[in-house]
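So the structure is just underneath, and the comments pick up after that.
On a predicted model such as this, the values are computed, not experimentally measured, just so you know.
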Amino acid sequence: MQFTACYTKLDEGYGYMGQLLEWPNVITSGKDLDECEYMLKDAAREMALAYYENGETIPQETFIVKPISIAVEKEALLANVS
């Protein structure tokens, strides 16, 4: 099965959080990207087994990932800093 992994760098010293976009319930973390990917694959296998045992279907959502640009006035950003 093919999934899309999304990784977020956590605060300094806390590594990365990983999540499958098509299956948001599969989420984990690791000290670096390699460990996070390993943990994410392990979490997905465990979740797949649990779904199978419960007679549930693994999500196969389809979506589009596209970067967008958003114009934000500098003053608006500074106003939210107080």
Side-chain angles (χ1 to χ4, degrees):
M1 298 185 89
Q2 186 88 16
F3 292 99
T4 308
C6 178
Y7 299 98
T8 304
K9 185 164 178 36
L10 301 174
D11 289 336
E12 193 169 319
Y14 291 100
Y16 291 84
M17 177 185 70
Q19 183 173 22
L20 298 181
L21 296 181
E22 297 89 348
W23 199 357
N25 291 347
V26 178
I27 186 168
T28 191
S29 63
K31 66 181 178 192
D32 55 36
L33 282 175
D34 288 336
E35 181 179 284
C36 191
E37 181 175 337
Y38 175 85
M39 298 298 290
L40 195 57
K41 288 178 180 180
D42 184 58
R45 283 189 293 270
E46 292 295 325
M47 187 72 85
L49 181 59
Y51 270 51
Y52 174 76
E53 289 174 351
N54 291 322
E56 298 177 59
T57 303
I58 295 173
Q60 290 295 304
E61 296 179 26
T62 304
F63 57 92
I64 297 170
V65 176
K66 178 182 172 187
I68 61 171
S69 297
I70 301 170
V72 178
E73 297 294 325
K74 182 178 178 182
E75 292 78 19
L77 291 173
L78 293 174
N80 290 326
V81 176
S82 8

Are the side chain of [X] and the backbone of [Y] linked by a donor-acceptor contact shorter than 3.5 Å?
X	Y	result
N54	E56	no
Q19	I27	no
E22	P59	no

Side-chain contact test, heavy atoms from C-beta onward, threshold under 4.5 Å: evaluate it for Q60 versus F3 and give yes or no. yes
Consider only side-chain heavy atoms of I, L, V, M, F, W and Y, link residues closer than 4.5 Å, and tell whether I58 and L20 are in one cluster. yes
Please check if M1 and L40 belong to a single hydrophobic cluster, counting links between Ile, Leu, Val, Met, Phe, Trp and Tyr side chain heavy atoms closer than 4.5 Å.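 Yes; tracing contacts between hydrophobic side chains, which count when under 4.5 Å, links both residues.
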State the [atom1]-[atom2] distance between [X] and [Y], to the nearest 0.5 angstrom.
X	Y	atom1	atom2	value
K9	D32	NZ	CG	10.0 Å
R45	K41	CZ	NZ	7.5 Å
D42	E46	CG	CD	5.5 Å

Taking every non-hydrogen atom, the tightest pair across [X] and [Y]:
X	Y	value
M17	C36	C-SG, 3.7 Å
Y16	K31	CD1-O, 4.5 Å
C6	L21	CB-CD2, 3.7 Å

Check the pair Y52 / M47 against side-chain contact (heavy atoms from CB on, under 4.5 Å), numbers first and verdict last. CA-CA 9 Å; Y52 174 76; M47 187 72 85; over 6 Å; no
